[in-house]
Amino acid sequence: MSISRHFVLAAGGTGGHMIPAHAVAEELMARGHHVALVTDGRGAKIPGIFDRAQVHVLPAGRMTKNPKSWPGALKAILAGRAMARRLNETFRPTAVVGFGGYPAMPALLGALADGIPTAIHEQNAVLGRVNRLLARRVDAIATAYPKVERLRDRYAGKVHLVGNPVREEVKALRDEEFPALTDESVFRVLVIGGSQGASILSSVVPDGLGMLPLSLRRRLQVTQQCRAEDIERVRRFYAELEIPADLATYFNDVPEKLSWSHLVIARAGASTLAELTCAGRPAILVPLPSAMDDHQTANAREMTEAGGARTIAQSRFTAVELAKQMQKMAMEPGALQNAAKRARACGRPNAARDMADLLESIGPAPIMNDPLKVGPVPTSLNLQGVPA
C-alpha cells in the first residue's frame, strides 16, 4: 500500500481561479495524492483541465448589494456546505484549499465545520471578497504578491508568498532566451484582453500602431485577440495600414505566442501577469477599471515598478499615448531586452510546487491509501444538473 493524502480544491468558475487550482492539482497528483475539485457549473465545463480529478458541482450563492439576493444566496451556500460535508465524510481530505470565487465558500465552510485544515490562495494583489470573509478562520493564506491590499496585518503569521501557479508550457518559456531583435528584424506584438478580448484594445491599438514611425511600422507583425463584433473592423484597419495581423476571438496556444513575442499589450489580470513574469516578456498594461476593488491596477504595480512593464490607465489609454510608450520601449537600444529581464525577475515559477508544499505542511500525518481506512471514493456530487 502506498502513502497518499486526499485534498479538496475549491475554485470559482473563471479561468483566473481555475487555472491556478489546476496547476496545483497536477503537482499534488504527481506526488501521488488524490484530488477532488469543488466548483460551479462554469468551472466544470472549462475544457482541458481537471481531466484526472474528481469534479463536484456545488451550489454557491452570490450575495450582491441588492438585499433581495441575500435569502437565495444564503440558502445556496448552506446547501453547498451540507454537500461539502458529505464529500468530506466520504473522501476524508487532509486539507481543503479555496482559490477564490463564490464556489470556494461552501467547501471551506464545510471543512471548518468538520475540523479539517484549510487554506486560501489569493491570485490578485487585493484580497478577494470570499477570501476576506474567511481569512480569519483558515490555517494558511497563500499570496501571489509580496503586498496584498485588504489583508490585515494580524494575519501575517499565517501568510505565505508562493506566487500564482502557471501552466507547465508557460513555465518552460523561462528557460528560453528573449527572441532576437535587431533594427531590421520583425517586431512581434501580442495583444490579449482576457478570455473574451477587450473592446478598448481593439479600438485603440490599431490606431496607435498606425501612428508609429514608418521604419518601425513596416517591421510590425501583430497577433491580437478581439471580440467577435470587433474582429472584421480591426482586420480591415490593419490591412489598410499594411500591417500583417493574425486575429482571433480566442487563442488556445498563448504559451507558443508568448514564446516569440517581443512586446505584449494586455489587461492586468492575475493569470496574465503571472505568465508574463514567468516567461519574462515586457508589456504595456491597461488595467480593467471595473475590476472589483481595482485589483488589476494593484496587480500591475510590482511589474511596473520593477521596470518590466508600463501601465496606462484606461482613462488615459489613447492611440497617441500608446504610440508614445511603444516608441520609448521599441526604439531605444536594449530597452525591450532590459524590460524582459526585469519582468522575469518578478516571476515565481515554482508557485505550484510551493503551494503543494504548504498544503502538505498544514495537514495531519499522511493516511494510508486503503479503502478500509478512507472509505469509498465518491464519484460526484451535483445539485445543479451539470455533468461532472
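- Taking a cutoff of 4.0 Å between a charged side-chain nitrogen and a carboxylate oxygen, Lys158 and Asp139 do not qualify as a salt bridge.
- Within the 4.5 Å cutoff, the side chain of Arg129 has heavy atoms near those of the Tyr102 side chain.
- Formation of a donor-acceptor pair under 3.5 Å by the Gln221 side chain with backbone atoms of Pro244 is not found in this model.
- Within the 4.5 Å cutoff, side-chain heavy atoms of Arg52 are placed close to those of Glu26.
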inquiry  = Please evaluate residues Leu151 and Thr143 with respect to the criterion side-chain contact (heavy atoms from CB on, under 4.5 Å), reporting the C-alpha separation (whole Å), side-chain torsions for both, the decisive distance (0.1 Å), and the verdict.
reply    = CA-CA 10 Å; Leu151 178 59; Thr143 66; 4.2 Å; yes
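- Separation of the Phe99 and His17 ring centroids does not fall under the 6.0 Å cut-off.
- A salt bridge links Arg348 with Glu302: the distance from a Lys NZ or Arg NE/NH1/NH2 to an Asp or Glu carboxylate oxygen falls below 4.0 Å.
- Using a 4.5 Å cut-off between side-chain heavy atoms of Ile, Leu, Val, Met, Phe, Trp and Tyr, with links allowed through other members, Leu133 and Val96 fall into the same hydrophobic cluster.
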Practice prompt. Report the C-alpha separation of Asp293 and Arg132 in whole Å, then their side-chain angles, then the decisive distance to 0.1 Å, and conclude whether the salt bridge (Lys or Arg N to Asp or Glu O under 4.0 Å) test is met.
Written response: CA-CA 12 Å; Asp293 300 314; Arg132 289 202 299 270; 3.1 Å; yes
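- One hydrophobic cluster holds both Leu181 and Leu220 under the rule that ILVMFWY side chains link at heavy-atom gaps under 4.5 Å.
- Here the CD-CG distance, from Glu27 to Asp354, works out to 9.0 Å after rounding to the nearest 0.5 Å.
- Taking the charged nitrogens against the carboxylate oxygens, Asp230 and Arg227 have no contact shorter than 4.0 Å, which rules out a salt bridge.
- Listed for the Arg150 side chain is no donor-acceptor partner under 3.5 Å among the backbone atoms of Leu127.
- Taking OG from Ser259 and CG from Leu190, the interatomic distance works out to 10.0 Å, rounded to the nearest 0.5 Å.
- Here Glu360 pairs with Arg31 in a salt bridge; the nearest charged N to carboxylate O distance falls below 4.0 Å.
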| message | side chain to side chain donor-acceptor pair (under 3.5 Å), that's the test. Do Tyr145 and Glu122 meet it? Break it down for me. | response | CA-CA 9 Å; Tyr145 294 91; Glu122 179 55 61; over 6 Å; no
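- Just one residue in the list His33, His6, Met355, Arg5 forms a side-chain contact (heavy atoms from CB on, under 4.5 Å) with Leu28, and that residue is His33.
- By the 4.0 Å N-to-carboxylate-O rule, Arg218 lies too far from Glu184 to be salt-bridged with it.
- Hydrophobic clustering (ILVMFWY, side-chain heavy atoms < 4.5 Å, transitive): Val126 and Val130 are in distinct clusters.
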Notebook entry, point to check: Run the side-chain contact (heavy atoms from CB on, under 4.5 Å) check on Gln224 and Ser202 step by step: do they pass?
Noted result: CA-CA 8 Å; Gln224 182 164 347; Ser202 295; 4.0 Å; yes
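- Surrounding CG of Asp183 are at most 12 heavy atoms belonging to other residues, nucleotides or ligands under 6.0 Å away.
- Leu322 pairs in a side-chain contact (heavy atoms from CB on, under 4.5 Å) with only one of the listed residues (Leu212, Leu201, Ile265), which is Ile265.
- Side-chain atoms of Asn299 come within 3.5 Å of backbone N or O of Ala268 as a donor-acceptor pair.
- In this structure the side chain of Leu87 reaches within 4.5 angstrom of the side chain of Val8, judged on heavy atoms.
- Between the side chain of Thr39 and the main chain of Ala11, a donor-acceptor pair closer than 3.5 Å is present.
- Not a single donor-acceptor pair under 3.5 Å links the side chain of Arg137 to the backbone N or O of Thr118.
- When the side chains of ILVMFWY residues are joined at heavy-atom separations under 4.5 Å, either directly or via intervening members, Leu288 and Val191 end up in two distinct hydrophobic clusters.
- Two residues are said to be in side-chain contact when any heavy atoms from C-beta on lie closer than 4.5 Å; His34 and Ser4 meet this criterion.
- When side chains are defined from C-beta on, Leu359 counts as touching Val24, because their heavy atoms get closer than 4.5 Å.
- In summary, Arg167 and Glu275 engage in a salt bridge, as defined by a charged side-chain N under 4.0 Å from a carboxylate O.
- Residues Met329 and Ala283 share a closest heavy-atom pair of CE-O, 4.1 Å.
- Across all non-hydrogen atoms, the minimal contact from Ala135 to Ile120 is CA-CD1, 4.1 Å.
- Checking side-chain atoms of Asp40 against main-chain N and O of Gly43 turns up a donor-acceptor pair under 3.5 Å.
- Not one N or O on the side chain of Arg267 forms a donor-acceptor pair closer than 3.5 Å with the backbone of Leu285.
- Between the side chain of Arg174 and the backbone N or O of Ala279 there is no donor-acceptor pair closer than 3.5 Å.
- Around CZ of Arg152, the count of heavy atoms belonging to other residues, nucleotides or ligands within 6.0 Å does not exceed 12.
- The pair Arg86-Glu89 does not meet the salt-bridge criterion, since no charged nitrogen lies less than 4.0 angstrom from a carboxylate oxygen.
- Both cation-pi conditions hold for Lys257 and Phe251: the charged atom is under 6.0 angstrom from the six-membered ring centre and inside a 45 degree cone around its axis.
- Here the CG-CZ distance, from Leu336 to Phe187, works out to 5.0 Å after rounding to the nearest 0.5 Å.
- Follow the hydrophobic side-chain contacts under 4.5 Å out from Leu276 and you never reach Ile284; the two are in separate clusters.
- Between Thr297 and His295 there is no side-chain heavy-atom pair separated by less than 4.5 Å.
- We find the CG-CZ distance between Leu209 and Arg217 to be 9.5 Å, quoted to the nearest 0.5 Å.
- A salt bridge does not link Asp246 to Arg235: none of the charged side-chain nitrogens sits closer than 4.0 Å to a carboxylate oxygen.
- In this structure the side chain of Val320 reaches within 4.5 angstrom of the side chain of Met211, judged on heavy atoms.
- At least one donor-acceptor pair closer than 3.5 Å links the side chain of Thr182 to the backbone N or O of Ser185.
- What you find for His121 and Pro165 is that their closest heavy atoms are NE2-CD, 3.7 Å.
- With hydrogens and angles ignored, the 3.5 Å screen pairs a side-chain donor or acceptor of Thr304 with a backbone N or O of Ala300.
- Side-chain contact between Leu216 and Met331 is present, with at least one heavy-atom pair separated by less than 4.5 Å.
- Between Leu108 and Ala119, the shortest heavy-atom contact is CD2-O, 3.8 Å.
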Check your understanding: For Gln54 and Leu37, what are the C-alpha separation, side-chain angles and deciding distance, and is it a side-chain contact (heavy atoms from CB on, under 4.5 Å)?
Key -> CA-CA 6 Å; Gln54 301 171 38; Leu37 168 72; over 6 Å; no
* Between Glu149 and Arg301, is a side-chain contact (heavy atoms from CB on, under 4.5 Å) present by the stated rule, with each step listed? -> CA-CA 12 Å; Glu149 297 175 15; Arg301 191 168 295 129; 3.0 Å; yes
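- Note that the OG1 atom of Thr14 and the CD1 atom of Ile46 stand 7.0 Å from one another [nearest 0.5 Å].
- Separating the CD1 atom in Ile192 from the CG atom in Leu258 is a distance of 6.0 Å, to the nearest 0.5 Å.
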